[in-house]
Amino acid sequence: MKTPLIEIKKVTKIFGRNTVLNDVDLNIPQNKIFGIIGESGSGKTTLLKSIIGFVKPDSGIITFEGREVSRSMETIRERFGFASQENCFYPKLNVRENLEFFGTLYGLSSKLIDSNIKKLLKFVELEDAEKTLAENLSSGMQRRLDIACSLINNPKVLIMDEPTQDLDPVLRKEIVNLIRKINENGTAVILTSHLLFEAEVLCDEIAILHQGKVLEVGTPEQLKNMYSKNQEIHFETSPGRYDLIIKQLSDEKSIERVEHKGNKVILYTPKAEIVLKKLLIVISKMGEELIDVDLRKPSLNEVFESLVSKK
Amino acid sequence: MRKILEIIRKNFKILMRSKISAAIIVLGPLVLMLLVGAAFNTSNIYDIRIAAYSDSYTNLSNSIVDLLSDQQFKVTKIDNQDGCINSVRQAENHICVVFPSDLSVETEGEIQFYVDQSRINLIWVVIDAVSKKVSVKSEQISQELTQVLVDNIAQTKNVLGDKTSVLKDLTSNSADAETKLRTIGDGISEIDLSSNITDVKDLENISKELQAEFNSTGGNFKKLDDLLTTLKTQVSDIQSKISSASNTLDSKAKEISDLKSTVSSNTLALKGVKDSVDSLVTGINAIQITDVESIVSPIKTKVEPVSTDKTHLSFLFPALLVLVIMFVSILLASTIVIKEKLSKASFRNYITPTSSLTFIFGTYLTNILIVIIQLVVLFAVIGLFFQKDVVNTLANASILLLIIATIFIFIGMIIGYAFNSEETSTLGSIAIGSIFLIFSNTILPIESIPETYRQIFQFNPFILSEGILKKIMIFKVPLLNLTTDLYILGGYILGLFVLLLIVERATQKAYLVRKFIVKFRKLKK
């Protein structure tokens, strides 16, 4: 087994009367996109800030490539990039000036700063906005600038705290693609998110954090297989007499849950093939026109709900 | 070093891109200096309003009012005393002068001044200015009165001088009369009126013996007897007259003796009078100062300034410089630090491999450069428009100005690190600056506060800075002669730098963590 990039051993952090991290054990692998998911206030950001040494754990050890973080702060600062929930740059400096400033603080040579800026601007697609004041950028551009600032030192690890928070779906997709590109370029990414579907499509590995405790770690597939027997049948008919359709399927006891989502209906069942067959017969009998039908594996959302409800 | 330069560059860019900040940095000292220069480049005070009241004005009180009514003062006669005093209370006038009724040299009236002592910084100037004007009139009257006295004394001296010879003659004549009287007395006492005919009885006896002889001889002695009788009668008359003359002589001799005594005592008295007159004349002659002005003001005082500068601006300039440096440095430094601290970018700065000392130096150098820019503008304005010689002191003063600025920048940075919001930081800066200003010599002399507090406040950096700057700029003392003051300022810099490091270490990360915890708690709720 490969040596983990970051090892978190029995880390506990308490703020006043709140135990934010409770005996957390976690291994973060090399060169992957590692997601930490959890509800707001579950300790995700505290865990990220503990990894970079900003928050000092009350007990436990965090190591980076075998070196204790609290004793290797210089290395941590040089090798890590951090994109927090807020945009950490100067609004009164333009894109290039912000990158130059942080590049200098990382101790990079002017030449290296220049070449990094050139690459980054292209990478985050901000070439045309090089001379634009940060405060005048759109929110998506600002997020990209913040990520660029986090990457100016060519970090080995990029930590991103809720990178898609407050973004519209289009911008969110942009950032997700960008994160993938960053990882493809060889940078390990550790991110937090409360948007589970996003983490599911983006992360190679996920840790589920709840009330300061790591409930489970694994690939999205592993987690889904572990915690959900159900499959999802998504269907859409016209004219869409869903109540009657569901009534016709009422003798099928394997259907555990029915959800209406927009014009679609989702059926949760461990016997998807049988239910799907019955569904198609009912639709046909009722003279409904089938517009769309889709058989899906359970979402991370379900896994999460399942895990959290157990606790 | 590159990091420090980049921090300075960043700070300047941010500052300059905020148009108001940039305008304040450049225009602030320019406008301030132009206004102060135009206002205080004079040694006078203007527009002092005086209310005057008297039950009945006399020539004297009117002449004082006329004297007060010049370019500097505006005098208004008020109808009643209460109105006069109230006009001062209502700040319509600066001073109320109440003249006693029928003020004249002969009457012993007091001119009363009613002043508003809450105008602490103005009142002594007003009292001094008005008193000077009244003193001029008082001195003028004194001179007139003294002149009369001096003239009379001079006249007395002349008259006495003339009469001294008369007295001399009188004394001499009296002495002569005394001598003559003595001679007469002596002459009288020498007159001998005694005779051999001791007794007429003897002459009778002789006549009887002659008669008896003639009778015995038978001679006729009747005629002889008659002759003898006649003789006897005549001798008796003579004897009687001589006796009477003798008595008269005795009486006259006594009178002459009395007269001599009188003349003698008169002579003595005259001599005494003459001596007194002589003494008076000698005394008057001995008066060397007869100049009226010298008698009225025997001790002349002249206030000579120890510096060649004369205008308010010259004296104000060191305090003004320190004031500008103090407020600019404290406010600017605290604002830059707090803005950086509150900036979202501060977290990214914190996680870069850059020490906090680099940020401290970067912030300090940014501030000192801004202060230098402001001082250049300030000196340029004052040099070009008001006092060219001020610029000459710049070489000596520049090092000191940087030291002073450093002290206040460090204070401002400490405030910036210690507070957690721009508002409180600004308030803190203004409060600290105001404390330094209030307990300095600018508003009231520190000599007016109790000893214990004075001991403390004499180390107020504002007072120290102003004092040392004054020595250099006004008295042209070389910087090398001010080593003690420089050591104290150096001690301040060292102490404040250590304090700055402590406060930065204690607050900078703590603030970021606290901010994070607050956010976490909100999420938990």
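Each chain gets a letter, A, B and so on, in the order the sequences are listed, and its residues count up from 1.
If you measure heavy-atom distances from A/Leu108 to chain B, the contacts under 4.5 Å come from the backbone alone. Neither the backbone nor the side chain of A/Thr75 has a heavy atom closer than 4.5 Å to any heavy atom of chain B. Within the 4.5 angstrom heavy-atom criterion, no atom of A/Glu39 approaches chain B. Heavy atoms closer than 4.5 Å to chain B are found in the side chain of A/Leu133, but not in its backbone. With a 4.5 Å cut-off on non-hydrogen atoms, A/Tyr90 touches chain B through its backbone and its side chain both. Residue A/Asn87 touches chain B through its backbone alone, counting heavy-atom pairs closer than 4.5 Å. Interface remark: A/Leu105 contributes backbone and side-chain atoms alike to the contact with chain B (heavy atom separation under 4.5 Å).
Side chains of B/Ser346 and B/Ser343: no donor on one and acceptor on the other come within 3.5 Å. Inspection of the A/Thr12 and A/Asp58 side chains reveals no N or O donor paired with an N or O acceptor under 3.5 Å. For B/Thr363 and B/Thr366, the side-chain atoms include no donor-acceptor pair closer than 3.5 Å. Side-chain atoms of B/Lys13 and A/Asn94 include no donor-acceptor pair closer than 3.5 Å. Side chains of B/Thr354 and A/Arg77: a donor-acceptor N/O pair is absent below 3.5 angstrom, by distance only.
The existence of a salt bridge linking A/Glu97 and B/Arg17 is confirmed by a sub-4.0 Å separation between a basic side-chain nitrogen and an acidic carboxylate oxygen. Under 4.0 Å is where a charged nitrogen must lie from a carboxylate oxygen, and between A/Asp25 and A/Lys10 at least one such pair does.
Using bins of under 30°, 30° to 60° and over 60° for the plane-to-plane angle, the ring pair A/Phe54/B/Tyr350 lands in the perpendicular bin.
The candidate with the highest count of non-hydrogen atom pairs below 4.5 Å against chain B, out of A/Gly81, A/Ser84, A/Ser110, is A/Ser110. Among A/Phe80, A/Tyr106, A/Phe101, A/Phe89, the residue making the largest number of heavy-atom pairs under 4.5 Å with chain B is A/Phe101.
Under the rule for a ring pair (Phe, Tyr, Trp, His ring centres under 6.0 Å), B/Phe462 has no partner lying at least two apart in sequence or in another chain.
Among the residues in residues 2-9 of chain B, those with a non-hydrogen atom closer than 4.5 angstrom to a non-hydrogen atom of chain A are B/Arg2, B/Lys3, B/Glu6, B/Ile7, B/Arg9.
Between atom CZ of residue A/Arg96 and atom CG of residue A/Asn98 there is a gap of 12.0 Å, rounded to the nearest 0.5 Å.
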